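So the structure is just underneath, and the comments pick up after that.
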Amino acid sequence: METFYDVQQLLKKFGTIIYTKDRLGDIELMDMEVDELYQFQLISRSDYMQAKLILRKEKRKLSSNSSGKGIIY
């Protein structure tokens, strides 16, 4: 698992599709779903750690992109 898409596919295997038109909201919901899958021992520790890392990176990338936007005078 290497990309955000891979995390989406992992969740899809368990019948979870998340799309709210709010990318940050999607990331947060996916993060909670990954936590639950691991808690119920449906995914391995390595898949859990990889998914959490990918989601964290995606969240950081999203926040850095949004902080660069604004009005320039």
Side-chain angles (χ1 to χ4, degrees):
M1 189 174 356
E2 297 177 11
T3 65
F4 185 76
Y5 179 76
D6 293 336
V7 178
Q8 288 177 316
Q9 294 308 302
L10 174 70
L11 293 175
K12 190 175 176 182
K13 286 182 190 176
F14 295 96
T16 303
I17 298 173
I18 297 174
Y19 179 72
T20 63
K21 293 187 180 181
D22 173 21
R23 183 76 164 192
L24 184 58
D26 292 349
I27 294 168
E28 293 293 332
L29 288 172
M30 290 172 71
D31 192 50
M32 289 188 288
E33 287 294 324
V34 167
D35 286 342
E36 285 189 19
L37 290 174
Y38 182 66
Q39 179 183 354
F40 293 116
Q41 299 177 352
L42 297 172
I43 59 174
S44 68
R45 179 172 170 78
S46 63
D47 282 345
Y48 172 73
M49 298 302 284
Q50 273 298 111
K52 295 291 277 190
L53 179 64
I54 291 166
L55 292 172
R56 190 178 308 132
K57 284 181 181 179
E58 192 68 23
K59 192 174 182 180
R60 190 177 320 125
K61 184 169 55 171
L62 184 64
S63 65
S64 69
N65 286 345
S66 65
S67 66
K69 295 178 182 177
I71 300 172
I72 300 174
Y73 294 99

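The first residue in the sequence is number 1, and the count goes up from there. Predicted model only: the values in this text are computed from it and were never measured.
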Rounded distance (nearest 0.5 Å) linking atom [atom1] of [X] with atom [atom2] of [Y]:
| X | Y | atom1 | atom2 | result |
| --- | --- | --- | --- | --- |
| Ile18 | Leu29 | CD1 | CG | 5.0 Å |
| Asp35 | Glu33 | CG | CD | 9.5 Å |
| Leu37 | Gln39 | CG | CD | 10.0 Å |
| Leu11 | Glu36 | CG | CD | 10.5 Å |

Using side-chain heavy atoms (C-beta onward) and a distance below 4.5 Å, is [X] in contact with [Y]?
| X | Y | answer |
| --- | --- | --- |
| Lys59 | Glu28 | yes |
| Tyr19 | Lys21 | yes |
| Gln50 | Leu53 | yes |
| Lys61 | Phe4 | no |

Subject >> Joint hydrophobic cluster, Met49 plus Phe40, side-chain heavy atoms closer than 4.5 Å >> reply: yes
**OP:** Return the set of residues passing salt bridge (charged side-chain N to carboxylate O under 4.0 Å, His left out) with Lys57 (not counting sequence neighbours), or none when no residue passes.
**Re:**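 Lys57 satisfies salt bridge (charged side-chain N to carboxylate O under 4.0 Å, His left out) with no other residue.
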Original post:
Which of these passes side-chain contact (heavy atoms from CB on, under 4.5 Å) with Ile27: Arg56, Glu58, Met32?
Top reply: Glu58
Subject >> Heavy atoms of other groups near Lys52 NZ, more than 12 under 6.0 Å >> reply: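 Check passes, neighbour count above 12.
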Subject >> Closest non-hydrogen atom pair, Asp47 against Met1 >> reply: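 It is O-CE, 3.5 Å.
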Original post:
Can you name the closest pair of heavy atoms from Ile43 and Val34 and give their distance?
Top reply: CD1-O, 3.9 Å
